[in-house]
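Note that this is a predicted model, so its numbers are computed, not measured. Proteins get letters first, then strands, A, B, ... in listed order; numbering begins at 1 in each.
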Amino acid sequence: MMLRSKSSSMKPAVAGSWTFLLQAAIASTTKRPSAFSTLASYTTATIPTRDPFAIMNAISVAASPSTTAPPSMRRQLHPSTIKLGVCADTFTMDHLLIFYSRRGNLSCALDLFDEMLQRNLVTWTAMVSGMVRSGAPELGLRLFVSMVRGGFCPNEFALASVLSACCQSVEANAKLGLGLSLHGLAFKAALDGNPYVGSSLMLMYAKYGYVAAAEQLVQMHHSGITPDVFTYISAVKASSITRELKFGQQLHGLVIQNMLQSDTSVMNVLVDMYFRVGLKDIAVAIFGKIRRKDTISWNTMISGLARDEDEKVAADCFVDMSRYGCKPNQVTFSVMLRLCGAKENASLGLQIFGLAYLHGYSDNVLVANAVINMLSRCGLLSCAYAFFCNLSVRNVATCNEMIAGYGLHSCSEDAMRLFRSLVCFGAKPDEFTYPAVLCAFQQAHDARNHEQIHASVLKHGFASCKFVSASLVKAKAALGSIQGSLKVTKDAEKVDLVSWGITMSAFLKHGLNDEVLFLFNLFRSDFTEKPDEFILATVLNACANSTLIR
DNA sequence: GTAGGGTTAG
């Protein structure tokens, strides 16, 4: 299969200098000539003005998501603001802060935040949302707590931002308490019925696995608040997370009734929902009805097809995307590369990698991680490692991919070496690190390394994370240690049907049939619930293996 | 007067 790129000039045009901003300012500030005059004075650098409104306007223009201000100009905004002596003005400083936070410049935003003599509710809210957007939800949550402790009463803006942080935070996800406290705060401030806060609460509960999401939307209907597109998107996403297909279909009906089929984002989330529940044909039909397909529409479609590992159809879709004038982005390349890895199609994978490079994504961490995934799944481990070593940007996920690559090929020593170096260099492992490294020990009976990883899980507070505990149980089963597995489940503080099932099947996988039967008897004496189909099938398999059934 | 919620991606 050959893929050909049709676009010739992929590099973004770099705008000249201040003139670019000037043009943007003229276009967007026709009612505010002060911005124009300030910018004009910047360009000539002769008459510095002290008009904070004009400076604010200039920053606002630069911070606007539609503006791609040149880097030289961006670098000058902060010193210019300080030089003009307006750093004491909270309103202007807020604008500068929003400028940094929207661009994901965390260190500048944090520096400025520290410098500020006075902070208001907007300062704090902009910081919280900036942290979430830049992938630092834990920091956002901590800032929110400091804000409340500092005596600020959160409004709908702050609550919507912090709920988003709550949804994205791995630490917060382990505990529902924080989400409930936020709902309490919203209720106290009479903001739980606010459309923004309501949508965010709905998603938060859905991500915790509470079907109360549906009720929330019904309540919004009853209280006379008209749901907007965001509400629908959150509700469809919530029904997709909680696997409430009926509710999702009702929402689909409401989307048609309320003529929201013209909204691309609403349609995108519907396509995604139908793919996730396995109704591929409906998903494809809805995709066909999207009039203005954006990159997310195509990505949703490609990733839905990739989930079935339908490499040919997904690749066709990838080609169609460019043909219809929609440029692939880092998500598109990540999905395609991972699909090539899953299908062990190194030839197609390398072509996609070449295209990603041409499109300017060679330094993108999401794409780089997917390249490591593709190379290692295709068995090109040494290539993957060479690529990993030469990367200029890395994150924890990059290391996880390389460790997972070693794990997949049972290179336990290499996986362990990388895991140790990750910890030694001060990086914090995350919930994906442990399953990746433990995968290498499915066959290796190395108790000493097991203990080290287990200790790290406990130290970093991942004992209750279900993927981590499941992979630990599997590793304990590889050692044949029943007591070890039971301890892991106990440490996870969630001894449910699922964890019993995982434990029994892990022992079955290693042919430890007597252990499966021992665990089943223990389950019957300790647990009041009836065994589910998965447990029964596991036990029956163990019986069959032990020739207890003839 | 500024800030905010969503969809694709591990």
Side-chain angles (χ1 to χ4, degrees), chain A residues 32 52-53 56-57 59-60 63 89-99 101-102 120-130 132-133 135 154-167 170 191 194-204 206 227-238 240 263-273 275-276 287 290 293-304 306-307 321 328-339 364-367 369-370 372-373 395-398 400-401 404 430-433 435-436 467:
Chain A
R32 292 174 294 185
F53 282 90
M56 177 274 289
N57 274 338
I59 299 168
S60 198
D89 180 69
T90 314
F91 185 54
T92 309
M93 293 300 266
D94 279 348
H95 270 92
L96 194 56
L97 192 79
I98 293 156
F99 166 77
S101 110
R102 277 192 184 159
N120 58 19
L121 190 55
V122 176
T123 321
W124 286 98
T125 309
M127 282 304 286
V128 175
S129 70
V132 183
R133 213 177 300 133
N155 60 7
E156 68 269 38
F157 293 85
L159 280 167
S161 299
V162 76
L163 279 164
S164 171
C166 192
C167 284
V170 178
L191 287 168
N194 177 283
Y196 301 142
V197 180
S199 297
S200 309
L201 278 171
M202 195 194 315
L203 261 185
M204 187 268 295
D228 60 9
V229 285
F230 283 101
T231 324
Y232 279 105
I233 293 164
S234 305
V236 173
K237 182 70 191 167
S240 156
D263 189 284
T264 306
S265 301
V266 172
M267 296 293 268
N268 289 347
V269 76
L270 278 171
V271 172
D272 181 61
M273 180 193 77
F275 263 125
R276 282 180 198 273
F287 173 79
I290 306 175
K293 295 178 179 67
D294 61 10
T295 308
I296 297 181
S297 317
W298 288 99
N299 288 350
T300 310
M301 186 71 181
I302 295 169
S303 67
R307 239 169 265 144
M321 179 181 188
N329 67 4
Q330 70 275 22
V331 175
T332 327
F333 288 117
S334 171
V335 172
M336 283 306 297
L337 285 162
R338 285 171 192 282
L339 173 63
N364 184 284
V365 76
L366 194 76
V367 176
N369 296 350
I372 297 172
N373 179 289
N395 58 19
V396 186
T398 321
N400 292 347
E401 287 295 0
D430 67 8
E431 79 270 32
F432 294 97
T433 315
F467 298 115

Checking B:dT2, B:dA3, B:dG10 against the side chain of A:Asp94 (C-beta onward), the nearest is B:dT2
Minimum-distance nucleotide to A:Phe432 side chain [options: B:dA3, B:dG10, B:dA9]
B:dG10
Using a heavy-atom cut-off of 4.0 Å across all strands, would you classify A:Asn400 as base, sugar-phosphate, or nothing?
base
Among B:dT8, B:dA3, B:dG10, which nucleotide sits nearest the side chain of A:Arg338?
B:dG10
Confirm from the modelled atom types if A:Asp228 and B:dG5 form a donor-acceptor pair under 3.5 Å, side chain to base only.
yes
Counting side-chain heavy atoms from C-beta on, which of B:dT7, B:dA3, B:dT2 comes nearest to A:Val269?
B:dT7
B:dG5, OP1 or OP2 - any side-chain N/O from A:Lys237 closer than 4.0 Å?
no
Under a 4.5 Å cut-off applied to non-hydrogen side-chain atoms, are A:Met273 and A:Leu270 in contact?
yes
Whole angstrom is fine here: how far is it from CG in A:Leu96 over to C1' in B:dG1?
17 Å
Taking the side chain of A:Asn268 as heavy atoms from C-beta outward, which of B:dT8, B:dG5, B:dT7 is closest to it?
B:dT7
Report yes if the side chains of A:Leu159 and A:Asn194 come closer than 4.5 Å at any heavy-atom pair, otherwise no.
no
Given B:dG5, B:dA9, B:dT2, the nucleotide with the shortest approach to the side chain of A:Val122
B:dT2
A:Ser297 meets the side-chain hydrogen bond (donor to acceptor under 3.5 Å, both in side chains) criterion, sequence neighbours left out, with A:Asn268, A:Asp294
From CH2 of A:Trp298 across to C1' of B:dT7 the rounded distance in Å is 17 Å
Whole angstroms only, please: what is the CE-P distance between A:Met204 and B:dG5?
16 Å
Atom-to-atom span, CG of A:Asn369 to C1' of B:dA9 - whole angstrom
11 Å
Can you tell if the side chain of A:Lys237 reaches within under 4.5 Å of the side chain of A:Asp272, non-hydrogen atoms only?
yes
Atom CG of A:Asp272 and atom P of B:dT8 are separated, to the nearest Å, by 5 Å
Phosphate OP1/OP2 of B:dA9 contacted by A:Arg307 side-chain N/O (<4.0 Å):
yes
How would you label the contact of A:Ala126 with the nucleic acid (heavy atoms, under 4.0 Å): base, sugar-phosphate, or nothing?
nothing
Ring centroid separation A:His95 to A:Phe91 under 6.0 Å
yes
Using a distance-only criterion (donor-acceptor N/O pair, under 3.5 Å, no hydrogens), is the base of B:dT7 paired with the side chain of A:Asn299?
no
At 4.0 Å (heavy atoms only), tell me whether A:Thr125 reaches a base, stays on the sugar-phosphate, or touches nothing.
base
Out of B:dA3, B:dT8, B:dG10, whichever nucleotide has its closest atom nearest the side chain of A:Ser129:
B:dA3
Look at the side chain of A:Asn194 against the base of B:dG5 and say whether a donor-acceptor pair falls under 3.5 Å; ignore hydrogens and angles.
no
Using the side-chain heavy atoms of A:Ile296, tell me which of these nucleotides is nearest: B:dT7, B:dA9, B:dG5.
B:dT7
If the cut-off is 4.0 Å, is A:Ser234 near the phosphate of B:dG5, judged by side-chain N/O to OP1 or OP2?
no
Quick one: label A:Asn120 by what it contacts on the DNA or RNA (base, sugar-phosphate, nothing), any heavy atom closer than 4.0 Å.
base
Between B:dA9 atom P and A:Met321 atom CE, what is the distance in whole Å?
13 Å
Ranking B:dA3, B:dG1, B:dA9 by distance to the side chain of A:Phe91, first place goes to B:dG1
From CE of A:Met301 over to P of B:dT8, roughly how many Å is that when rounded to an integer?
16 Å
Any side-chain heavy-atom pair from A:Thr123 and A:Met93 closer than 4.5 angstrom?
no
Given B:dA3, B:dG5, B:dA9, which nucleotide is nearest the side-chain atoms of A:Ser334?
B:dA9
Using whole Å, report how far CG of A:Leu339 lies from C1' of B:dA9.
14 Å
Indicate, with a heavy-atom threshold strictly under 4.0 Å, whether A:Asn155 touches base, sugar-phosphate, or nothing.
base
List the residues meeting side-chain hydrogen bond (donor to acceptor under 3.5 Å, both in side chains) with A:Asn364, not counting sequence neighbours, and say none if there are none.
none
